[in-house]
Amino acid sequence: MPRLQWPSIVARAADIVTIYDQVGGCTLRQAYYRLVAEGLIPHTAPTYRRLSARLAQARREEHFPDLIDPLREVHVPPAWSDAGAFLRAAPDWFALDRTAGQATALYVACEKDTLRAQLTGWLERPGIPVLVVRGFGSQSYVQVVRERTARDERPAVLLYVGDFDASGADIERDWVARTACWSRVERVLLTHDQVRAYELPAAVGKAGDPRWAGFARQYELDPGQPVQWEVEALDPTELQRLVLAAVAPHIDRRVLTDRIAEEERQRGQLRAFTEGWPLNRSPDRG
């Protein structure tokens, strides 16, 4: 690959982030894999670190759009100026379970935290829960999911989003086996067919991965050259389309519309109640 032209790369990264803003925002990792997919930068750890530094500098100079950082937040207890302010905000916080009345209890799981912000945004309207597996999930998390699905009489259905590689396939297998609560599991992304259809670039896989030999045999890949395909390399609008298309058959739109209407009706009742609260009334002083 020729010498990297970083000003052009940063400019293209800004375009990519702007596109992602239309579908819920973009992480550094997603911008990186889109640049790799376009052949603008190599898939190496030093290049990732260099890109991170370049984009951070561009953000400090205030000529680069914001990125999502799902791991760094300000953790502060909720607070209001007074009780009246709290009550006026309360109606907007109120929500019903929008999945009530649907035939199945649908969940969407993603292998990594990088897609959490997008998935929760895309699935907010139908109220579908999002699970972030984060590799081989903890037993505590497994138990939380098992207990939640057990409280629901409806059959639980899992739609799965993850990388296409030996470890990713085993992470999905492990998660499904340990939770053991699904009536149906569907891998939405990535699949072997999608990798070929979208001509996604392969990245170097993990050397010495004991799962690679079996994975390579299954998909007729070179057993001596471990490779992997990252879900972040897929165009964001296409990723959103595929997720929503997989969700759509499980949603009765009439039931959902009625549920949202009932939610708004009850919010209206709350607003009518809170409008009577005295504003900024100071306690009487004797």
Checklist entry - Do Asp235 and Thr237 have side-chain N/O donor and acceptor atoms under 3.5 Å apart? => result yes

Checklist entry - Would you call the rings of Tyr33 and His43 parallel, tilted or perpendicular, where under 30° means parallel and over 60° means perpendicular? => result tilted

Checklist entry - Side-chain heavy atoms under 4.5 angstrom apart, residues restricted to Ile, Leu, Val, Met, Phe, Trp, Tyr: same cluster for Val255 and Leu106? => result no

Next on the checklist: Apply side-chain hydrogen bond (donor to acceptor under 3.5 Å, both in side chains) to residues Arg54 and Gln57 and explain how you reach the verdict.
Outcome noted: CA-CA 5 Å; Arg54 291 278 183 164; Gln57 179 64 32; over 6 Å; no

Next on the checklist: Please determine whether salt bridge (charged side-chain N to carboxylate O under 4.0 Å, His left out) holds for the pair Glu263 and Arg259, giving the CA-CA distance in whole Å, both sets of side-chain angles, and the decisive distance to 0.1 Å.
Outcome noted: CA-CA 6 Å; Glu263 179 182 279; Arg259 193 66 172 164; over 6 Å; no

Checklist entry - Checking side-chain contact (heavy atoms from CB on, under 4.5 Å) for the pair Leu200/Phe164: CA distance, chi angles, key distance, verdict? => result CA-CA 11 Å; Leu200 298 179; Phe164 183 70; over 6 Å; no

Checklist entry - Do the side chains of Leu234 and Leu242 get nearer than 4.5 Å, heavy atoms only? => result yes

Checklist outcome for this item: Nearest heavy-atom contact between Pro201 and Ala37 is CG-CA, 3.3 Å

Checklist entry - Trp122 and side-chain contact (heavy atoms from CB on, under 4.5 Å): which partner among Val108, Ile128, Leu244, Val247? => result Leu244

Checklist entry - Do Leu159 and His250 touch side chain to side chain, with heavy atoms closer than 4.5 Å? => result yes

Next on the checklist: Looking at Phe273, I want to see if its CZ is surrounded by more than 12 non-hydrogen atoms of other residues, nucleotides or ligands under 6.0 Å.
Outcome noted: no

Next on the checklist: Working note: Ile16 + Gln30, criterion side-chain contact (heavy atoms from CB on, under 4.5 Å); need CA distance, chi angles, decisive distance, verdict.
Outcome noted: CA-CA 9 Å; Ile16 291 170; Gln30 287 168 323; over 6 Å; no

Checklist outcome for this item: Across all chains, not counting sequence neighbours, the ring pair (Phe, Tyr, Trp, His ring centres under 6.0 Å) partners of Tyr160 are none

Checklist entry - Is it true that Arg271 and Glu275 have a side-chain N and a carboxylate O under 4.0 angstrom from each other? => result no

Next on the checklist: Main chain of Lys112, side chain of Arg134: is a donor-acceptor contact present, judged purely on distance under 3.5 Å?
Outcome noted: no

Next on the checklist: Check whether Asp163 reaches the backbone of Val231 with its side chain - one donor and one acceptor, N or O, closer than 3.5 Å.
Outcome noted: yes

Checklist entry - Where the side chain of Ser52 meets the backbone of Tyr48, is there a donor-acceptor pair that is under 3.5 Å apart? => result no

Item to check | Sidechain-backbone polar pair: Arg187 side chain, Leu190 backbone, donor-acceptor under 3.5 Å | outcome: yes

Next on the checklist: Please verify the inter-ring angle class for Tyr107 with Trp182; under 30° counts as parallel, over 60° as perpendicular, anything in between as tilted.
Outcome noted: perpendicular

Checklist entry - According to the side chain to side chain donor-acceptor pair (under 3.5 Å) rule, which pairs have a member within residues 214-227, sequence neighbours left out? => result none

Item to check | Backbone N/O of Val133 and side chain of Glu111: donor-acceptor pair under 3.5 Å | outcome: no

Next on the checklist: Check Glu238 with Arg241, please: is the shortest side-chain N to carboxylate O separation under 4.0 Å?
Outcome noted: yes

Checklist entry - Yes or no on side-chain contact (heavy atoms from CB on, under 4.5 Å) for Glu172 and Val185, after CA distance, side-chain angles and deciding distance? => result CA-CA 10 Å; Glu172 178 188 2; Val185 176; 4.0 Å; yes

Next on the checklist: According to side-chain contact (heavy atoms from CB on, under 4.5 Å), who are the partners of Arg59, at least two apart in sequence or on a separate chain?
Outcome noted: Leu55, Ala56, Phe64, Leu67

Item to check | Shared hydrophobic cluster for Val145 and Val142 (ILVMFWY, side-chain gaps under 4.5 Å) | outcome: yes

Checklist entry - If only atom types and distance count, is the side chain of Tyr32 paired as donor or acceptor with the main-chain N or O of Glu232 below 3.5 Å? => result no

Item to check | Side-chain donor/acceptor of Thr104 to backbone N/O of Ala156, under 3.5 Å | outcome: no

Next on the checklist: If the threshold is 4.0 Å, N to carboxylate O, is there a salt bridge linking Arg254 and Asp258?
Outcome noted: yes

Next on the checklist: Quick one, Val17 and Pro65 - any side-chain contact, counting heavy atoms below 4.5 Å?
Outcome noted: yes

Checklist entry - Once the angle between the rings of Trp80 and Phe86 is folded into 0 to 90°, is it parallel (under 30°), tilted (30 to 60°) or perpendicular (over 60°)? => result perpendicular

Item to check | Residue pair Phe215, Asp170: steps toward the side-chain contact (heavy atoms from CB on, under 4.5 Å) verdict | outcome: CA-CA 10 Å; Phe215 188 81; Asp170 201 45; over 6 Å; no

Next on the checklist: Could you check whether any side-chain N or O of Arg98 sits under 3.5 Å from a backbone N or O of Arg125, counting only pairs where one atom can act as donor and the other as acceptor?
Outcome noted: yes

Checklist entry - How long is the span from the CG atom in Leu123 to the CD atom in Gln118, to the nearest 0.5 Å? => result 11.0 Å

